[in-house]
Number of protein chains: 2
Amino acid sequence: MKSSFLSADAGPAEPKYSETALRILEAAERLFVELGLEATSLRLITQQAGVNLAAVNYHFRSKDALFEAVFARRFEPWARDCLRELDALEARASAGTARFDAEAVVMCYVRPALALSKDPSRGGALFVRLFSRVLVENHRALRETLSREWGHLVSRYTEALGRALPELTAEEVAWRLHLGFSVMFHAFAGNDILKLFGRSAVSARDPDLIVKHVVPFVLAGMAATRGEGPSG
Amino acid sequence: MKSSFLSADAGPAEPKYSETALRILEAAERLFVELGLEATSLRLITQQAGVNLAAVNYHFRSKDALFEAVFARRFEPWARDCLRELDALEARASAGTARFDAEAVVMCYVRPALALSKDPSRGGALFVRLFSRVLVENHRALRETLSREWGHLVSRYTEALGRALPELTAEEVAWRLHLGFSVMFHAFAGNDILKLFGRSAVSARDPDLIVKHVVPFVLAGMAATRGEGPSG
DNA sequence: GTACGTTTAAAACAGTTGTTTGAGGCATTG
DNA sequence: CAATGCCTCAAACAACTGTTTTAAACGTAC
């Protein structure tokens, strides 16, 4: 029933959950993405997971805590990847083997996002969509955990972009980061404004294709000259 | 049941709803934005509106129909504004009094969005946020109405941008529109990725400030030269 | 006055929600 | 053997959901 609890020193400490708990997590993840937190009932989750209803409140404390667990399981490794990328870039820049420009900073976000999107065993595109739901739906269940960890990541990226674009003011750097990450984030999440229940000319589900189009767009936007404002 | 249905030819036919119905609409709009469709109960709506519970099912058919009404009340005038802008641009371009470039097309979206954001009597920033929730939550209640009207708008913008950027392929035009509208849309909606429950360096709630920063960003992105892709 | 359609009021409807309970299974440990 | 943990199960809990029903108030027309 429980099987092997490997706890490799370097590798991720995955086997934190029993098999029942894992099946709940996986069914919940899928349903939360499709239906949202409120619209997903515990009965539907346990039914699709093939486990008993009470197992949810046994393994996780409550529905909110389950949601938090679903999110944290995917978010934390991904956040670590991002931090690793930033550390590596700083190291390479210090060693003189890489330029510390906007493209390098953007790629510190793109590479983990791309890797995540392509790896179903870590949630794949499903988690990215969940993340984007979390963003607009503003769940109480995640406020504390997220604002701490995500806040740290954001300040790292802000610092990095400021260093890459020294001619910009702090306010401008914040805006470029805000806008640039917004495009990339929603592009990876597949939030296709143009589609909106209909068909779109853009087949925005292939991660490599997303990168191909979104990176030039973002880099050009971040490097935009000031005051290219509206004329009328 | 029907009351006075003024159908002025030019002006907006506002007094479509009785006062009770209007108070329901307004309370519902606010709550749907804050809590989402599923998490907002009719009892909470009617309580905040100061009307009886049964009034919802009397004036509107059901909760889903109420949601549709809430959305349509704001969406339709705004969509008409967008179409008017596009028509006006085409007219001015034909007359030789305006250039048909990417900036002109982008402003056909920015001006209505800006006007809407600044006009509380038309939903203001609240509706833009509601719109963005609708986008990710994919409600059945809106599928038909939205996909038709929004689909028409999108094809108009696509056509316009293709005309403004004739050197790009149709696929590239679709991507630029997708990415550009994505940034603008979420910027106006206040979906601040960097914030996410915490504080952000960007005070992204002032519509004029949004325009000031997002327009140069989008224009630069749309005009990006091909193949500015990642290096590694 | 009565009669009418319109709007509101309170109560009840059947169904679903998250959560808890208490009994029991099943392996490991003494 | 009994005892101990961990876990699963079916059933029940109170609270809440959208919706319907029934009665009453309202202004207007006859």
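Below, chain A is the first sequence line, B the second, and so on; all start at residue 1.
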Colleague: Return the nearest nucleotide to the side chain of Y58(B); candidates are dT19(C), dT6(C), dG18(D).
Modeller: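 Of the candidates, dT6(C) comes closest.
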Colleague: Nearest whole Å is fine: how far is dT19(D) P from I45(B) CD1?
Modeller: 11 Å
Colleague: In whole Å, what is the span from the CG atom of L44(B) to the P atom of dC16(D)?
Modeller: 12 Å
Colleague: Scan for side-chain hydrogen bond (donor to acceptor under 3.5 Å, both in side chains) pairs involving residues 24-34 of chain A, sequence neighbours excluded, and state none if there are none.
Modeller: E29(A)-R74(A), R30(A)-Q48(A)
Colleague: List in chain and number order the residues that pass ring pair (Phe, Tyr, Trp, His ring centres under 6.0 Å) with F67(A), two or more places apart in sequence or in another chain; answer none if no residue qualifies.
Modeller: F32(A), H139(A)
Colleague: According to the salt bridge (Lys or Arg N to Asp or Glu O under 4.0 Å) rule, which pairs have a member within residues 44-72 of chain A, sequence neighbours left out?
Modeller: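 Passing the test, one end in residues 44-72 of chain A: D64(A)-R140(A).
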Colleague: Under the salt bridge (Lys or Arg N to Asp or Glu O under 4.0 Å) test, which residues partner R129(B), sequence neighbours left out?
Modeller: none
Colleague: Rounded to the Å, how far apart are D64(B) CG and dG18(D) C1'?
Modeller: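 Computing the D64(B):CG to dG18(D):C1' distance gives 10 Å.
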Colleague: Below 6.0 angstrom between ring centroids: does that apply to F188(B) and F131(B)?
Modeller: no
Colleague: Quick one: F60(B) CZ to dG18(D) P, roughly how many Å, whole number?
Modeller: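 F60(B) atom CZ is separated from dG18(D) atom P by 15 Å.
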Colleague: The side chain of N57(B) is closest to which nucleotide in this list: dC6(D), dT20(D), dT7(C)?
Modeller: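 Among dC6(D), dT20(D), dT7(C), the one nearest the side chain of N57(B) is dT20(D).
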Colleague: Can you pull every protein N or O that's under 3.5 Å from an N or O on nucleotides 9-12 of chain C?
Modeller:
residue: dA9(C); atom: OP2; partner: N52(B); partner atom: N; Å: 3.3

Colleague: Across nucleotides 22-29 of chain D, 5' to 3', mark each nucleotide with B, S or - according to how protein heavy atoms within less than 4.0 Å reach it.
Modeller: --------
Colleague: For D119(B), which residues count as a side chain to side chain donor-acceptor pair (under 3.5 Å) partner, sequence neighbours excluded?
Modeller: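 Checked D119(B) against side chain to side chain donor-acceptor pair (under 3.5 Å); matches are S121(B).
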Colleague: Which of residues 22-42 of chain B sit near DNA chain D, with a heavy atom under 4.0 Å from it?
Modeller: T40(B), S41(B), L42(B)
Colleague: Identify, with sequence neighbours excluded, every residue that meets side chain to side chain donor-acceptor pair (under 3.5 Å) alongside R23(B).
Modeller: none
Colleague: Going by the rule side chain to side chain donor-acceptor pair (under 3.5 Å), which residues pair with S132(B) if we only count those two or more places apart in sequence or in a different chain?
Modeller: N191(B)
Colleague: Hey, does the side chain of H59(A) come within less than 4.0 Å of dC6(D)'s phosphate (OP1/OP2), counting only N and O?
Modeller: no
Colleague: Atom OG in S117(B), atom CZ in R122(B): separation rounded to 0.5 Å?
Modeller: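 S117(B) OG to R122(B) CZ: 10.0 Å, rounded to 0.5 Å.
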Colleague: Mind checking side chain to side chain donor-acceptor pair (under 3.5 Å) for E85(B) and listing every partner two or more places apart, or none if nothing turns up?
Modeller: R111(B)
Colleague: Taking salt bridge (Lys or Arg N to Asp or Glu O under 4.0 Å) as the test, write out the residues that go with R84(A), two or more places apart.
Modeller: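 Residues passing salt bridge (Lys or Arg N to Asp or Glu O under 4.0 Å) with R84(A): D81(A).
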